[in-house]
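In listed order, ligands and their atoms are each counted from 1.
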Amino acid sequence: MKKVQLILFGIGNVGSTFINQILEAKEIFKQQNLAVEIPVIVNSTTAFFKDEGVDQSWKANFKDFSLPYRLEDIVQFVQSKKWKNVVVIDATASKQLVANYTFLVENGFHIIAANKVANTLAYEEYAYFKEVLKENNTHFLYETNVGAGLPVIETLKSLYNSAEKITKIRGVFSGSLSYIFNTFSEEDKSFSKVLTLAKEKGFTEPDPRTDLSGTDVARKLLILARELQFSYNLEDVKVKSLVPFHLTATTSVTTFQEKITDLDEEFESLKAKLNENEVLRYIGEFDVEQEVLEVKLVSEQKQNPLGALQGADALFEIYTESYGNQPLVIQGAGAGAKVTARGLVSDVVKLAERI
Ligand SMILES: NC(=O)C1=CN([C@@H]2O[C@H](COP(=O)(O)OP(=O)(O)OC[C@H]3O[C@@H](n4cnc5c(N)ncnc54)[C@H](O)[C@@H]3O)[C@@H](O)[C@H]2O)C=CC1
Ligand SMILES: N[C@@H](CC=O)C(=O)O
């Protein structure tokens, strides 16, 4: 039986769902000759350790027994156990944790991340991290970075590796913005109300301005472009932000939430300008041939694939030489704790096959 120990950082929407999915998957793992345990769970300030892995009581145990920690404590704990296959699961949005990835890799940890920060570092830092992974013979999986549980990165990589010429990638890349514009276009609710609902449903980033500013879609475009071996940076993506200047990142998340209704007038006016058969869509587009990366708000006909999207569905159109004018399309929920956590579980299984 292959044993894999997971060190989980972040027990918010995605992280807590991930723990439950891992616990429920024990039998299926057994059929694959695999045993997966989570002996360490960590939030931003405290950590809970349990040698044999957390169980159904993890929430209460974390509340009662977790302790302030330093990253070195976790590394020492793991090394004292002599476990062979240790994987850090990053279900945070933390830059600070990503700054420690190199340290973790150098200590023999593999990494699976929902966090998109590592893949969108300045190109030099990103390339350096990839080198460190190679030198240490460790794995880094991040399928959930683009399209949550949808197999977008895997599909693109596989096309690229088989020498397929990719000409364009286009679509609605954000589950939260899909939900927001689907709901706002169809229902009689203010934009701020719909944004609040998207946050409550766990679709947005911890700071919803990361979505609204276009940063999250830009990150996804950049991650896909880097999969195609382009060395772009975030600054190379032309972005139409939806956050008014007075509510940009210089104000706190709390101030933004307090003033969220400031967004309503602008979006009501955009909605009023639409024809009966049109809806608003926030899209990402990478024209590979022209080398243009763009994030923009467009109006789409309701009967078109992008215009017909429902719920929090994302849609990725991949245009290639062999597929011609009819792109390969990947569509489905593009955000949400369950699908994202399942994407992480799927990465765990893939990684276990490689080690
Ligand atoms: N929610 C979604 O649909 C999707 C989320 N993701 C990514 O998953 C990550 C987590 O998202 P959510 O669970 O929705 O956010 P969340 O805000 O619910 O959870 C994040 C958790 O990370 C913890 N945290 C922050 N810094 C930490 C640190 N240094 N060490 C340990 N824990 C730390 C916070 O206390 C919080 O509990 C984000 O990076 C997001 O971009 C990716 C795909 C889809
Ligand atoms: N906030 C993101 C979550 C997934 O990456 C989105 O809305 O798509």
Check your understanding: So Phe48 and Phe62, would you call those rings parallel, tilted or perpendicular, with 30° and 60° as cut-offs?
Key ->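 It falls in the perpendicular class, over 60°.
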Check your understanding: Taking the six-membered ring for Trp, are Phe316 and Phe173 parallel (under 30°), tilted (30 to 60°) or perpendicular (over 60°)?
Key ->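 If you compare the ring of Phe316 with that of Phe173, the planes turn out parallel.
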**Study point:** Of the listed options Val14, Asn13, Ile11, closest to atom 16 (P) of ligand 1 (non-hydrogen atoms)
**Key:**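 Minimum heavy-atom distance to atom 16 (P) of ligand 1 goes to Asn13.
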**Study point:** Heavy-atom nearest neighbour of atom 20 (C) of ligand 1 within options Ala335, Gly336, Ala91, Ala337
**Key:**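 Among Ala335, Gly336, Ala91, Ala337, the closest heavy atom to atom 20 (C) of ligand 1 comes from Ala91.
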Exercise for review: Using a strict 4.0 Å cut-off to heavy atoms of Glu205, name the atoms of ligand 1 that fall inside it.
Suggested key: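 In order of number, 38 (C), 40 (C), 41 (O).
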Check your understanding: Is there side-chain contact between Asp90 and Val98, with at least one heavy-atom pair below 4.5 Å?
Key ->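 Yes; the side chains approach each other to less than 4.5 Å.
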Review point. Given that the side chain starts at C-beta and the backbone is N, CA, C, O, which of these parts of Asp216 lies under 4.0 Å from ligand 2, counting heavy atoms, or is it both or neither?
Key: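 The answer is the side chain.
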Of all the atoms in ligand 2, which lie at a distance below 4.0 Å from a heavy atom belonging to [X]?
X      : result
Asp211 : 1 (N), 2 (C), 6 (C), 7 (O)
Phe203 : 1 (N), 2 (C), 3 (C), 6 (C), 7 (O)
Gly334 : 4 (C), 8 (O)

Hey, is [X] touching ligand 1 through its side chain, its backbone, both or neither, going by heavy atoms under 4.0 Å?
X      : answer
Ser94  : side chain
Tyr69  : side chain
Thr340 : side chain

Which residue and heavy atom of the protein sit nearest [atom], plus the separation:
atom                    : answer
atom 2 (C) of ligand 2  : Glu205 OE2, 3.2 Å
atom 15 (O) of ligand 1 : Pro206 CG, 3.7 Å
atom 8 (O) of ligand 2  : Lys220 NZ, 2.7 Å
atom 5 (O) of ligand 2  : Lys116 NZ, 2.7 Å

Practice item. For residues 6-21, pull every pair meeting side chain to side chain donor-acceptor pair (under 3.5 Å), keeping only residues two or more places apart or in separate chains. Key: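 Passing the test, one end in residues 6-21: Asn20-Trp58.
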Review point. Could a heavy atom of Ala148 be found less than 4.0 Å from some atom of ligand 2?
Key: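 It does not, in that no heavy atom of Ala148 comes within the 4.0 Å cut-off of ligand 2.
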Exercise for review: Please determine which of Tyr101, Tyr123, Tyr142 meets the ring pair (Phe, Tyr, Trp, His ring centres under 6.0 Å) test together with Phe129.
Suggested key: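 Output: one option passes, namely Tyr101.
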Check your understanding: Can a protein heavy atom be found under 4.0 Å away from atom 34 (C) of ligand 1?
Key ->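 Under 4.0 Å from atom 34 (C) of ligand 1, zero protein heavy atoms found.
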Review point. Are the aromatic rings of Trp83 and Phe109 close, with centres under 6.0 Å apart?
Key: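 No.
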Review point. What about the rings of Phe49 and Tyr69, do their centers lie closer together than 6.0 Å?
Key: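 Not under 6.0 Å, so no.
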**Study point:** Shared-cluster residues of Leu306, by chain and number - hydrophobic side chains joined below 4.5 Å
**Key:**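 Other cluster members: Val172, Ile283, Val298, Leu309, Leu315, Val329.
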Practice item. Return a yes/no value for Asp216: is any of its N or O atoms, backbone included, closer than 3.5 angstrom to an N or O of ligand 1? Key: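 By distance alone, the answer is no.
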Check your understanding: Gly15 to ligand 1: N or O pair under 3.5 Å?
Key ->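 Checking ligand 1 against Gly15, no N or O pair falls under 3.5 Å apart.
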